[in-house]
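Indexing begins at 1, ligand by ligand and atom by atom, following the structure's order. Any value given below was found using the heavy atoms of this structure, including those in side chains, with hydrogens, waters and symmetry copies removed.
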Amino acid sequence: MTRFQDKRVLVTGGSRGIGKAIATGFAAEGAEVIVSSRSEASCAAAASAIGDRAVPFACDVTDSDAVKKLFAFAKERGGIDTLIACAGLASHGFAANVPEDELLRMWDVHFRGAIRCAQAAFPQLKQRQGSVVMVASIWAYAGVPGTLAYGSAKAALNHAVKVMGVEWAREGVRVNGLAPGFVETDMTSDLDPAMKDKMIRKIPLRRSAAPEEMAGPALFLASKSASYITGQTLIADGGERAR
Ligand code: NAP
């Protein structure tokens, strides 16, 4: 299948986990993919594993100047049709004493980082009538203990999806979100096995997801099949939030 022939996609957080699986999915369907994350070596390794449709470019999404350079690079290549804003980090801390710095760190990566990238991408997306997929989380929807910093930033991202979806619709740019449930990546690899079992028991499909299972929903949202969908967040969580 070559749904994304002649398309260019930029994936932040593309060096590992969900972002790398999504970048691989786009490249397999004909897109040129700019693979980005903080580490130059990881981006280069991921791009070379994905193949000759992938190009690495290192960028920390919390650094405005670096984000400008990333999108200038994308523009030099002809501009992007899709931005996948996937860069992220885990955080755990109870509300009574989560440090203010940790709140800011989570908001800077997950919320401000994604918005920064979407704003920098906007002129290219407008020109190519493209779309954004913000990678959110099911932890934006419930008061899961320990998720104040992480979940609040993802909840704000869901709001941004709605506002940008509405505002940018008139420019022909769609903005959607993808909210994964429990996906097996580096981010979840150090969870205590007993905690993992507990989490899996709450999932109707009774298993965690492989990162590759997030590629299908992300590609769908970016594809022509989703041409009438904007301002929505698609939940891919094995049924957990349907309870
Ligand atoms: P992961 O395997 O740890 O990958 C995280 C990616 O983000 C890496 O490529 C990392 O590369 C990059 N990154 C981290 N901080 C960055 C920054 N400041 N600037 C640019 N890139 C940065 O994690 P993952 O599970 O695939 O998570 C990907 C996204 O899915 C995150 O937004 C996460 O919140 C979301 N999510 C994950 C799950 C899950 O269960 N795994 C569930 C819901 C949502 P570098 O270290 O090289 O920068």
### Query
Out of R38, M134, K154, R105, whose heavy atom sits nearest atom 15 (N) of ligand 1?
R38

### Query
Could an N or O of ligand 1 be found under 3.5 Å from any N or O of I18, whether backbone or side chain?
yes

### Query
Under 3.5 Å, N or O to N or O, is S137 touching ligand 1 that way?
no

### Message
So, regarding T62 and ligand 1 (criterion: nitrogen or oxygen to nitrogen or oxygen, under 3.5 Å), is there a contact or not?
### Response
no

### Task
Please indicate whether any nitrogen or oxygen in S37 is less than 3.5 Å from any nitrogen or oxygen in ligand 1.
yes

### Task
Examine V132 and L70 and state if one hydrophobic cluster contains both, with Ile, Leu, Val, Met, Phe, Trp and Tyr joined whenever side-chain heavy atoms are less than 4.5 Å apart.
yes

### Task
Provide, to 0.1 Å, the distance between atom 42 (C) of ligand 1 and the closest protein heavy atom, together with that atom's residue and name.
G181 O, 2.9 Å

### Query
Hey, what do you get for CG (L178) to CE (M134), rounding to the nearest 0.5 Å?
12.5 Å

### Message
Is there a polar contact, in the sense of an N or O pair closer than 3.5 Å, between V183 and ligand 1?
### Response
yes

### Message
Side chain, backbone, both or neither: which applies to Y150 and ligand 1 if a contact is any heavy-atom pair less than 4.0 Å apart?
### Response
side chain

### Query
How does V61 reach ligand 1, if at all, at less than 4.0 Å between non-hydrogen atoms: by side chain, backbone, both, or neither?
both

### Message
For atom 44 (C) of ligand 1, tell me which residue out of A179, A209, G88, A136 has the closest non-hydrogen atom.
### Response
A136

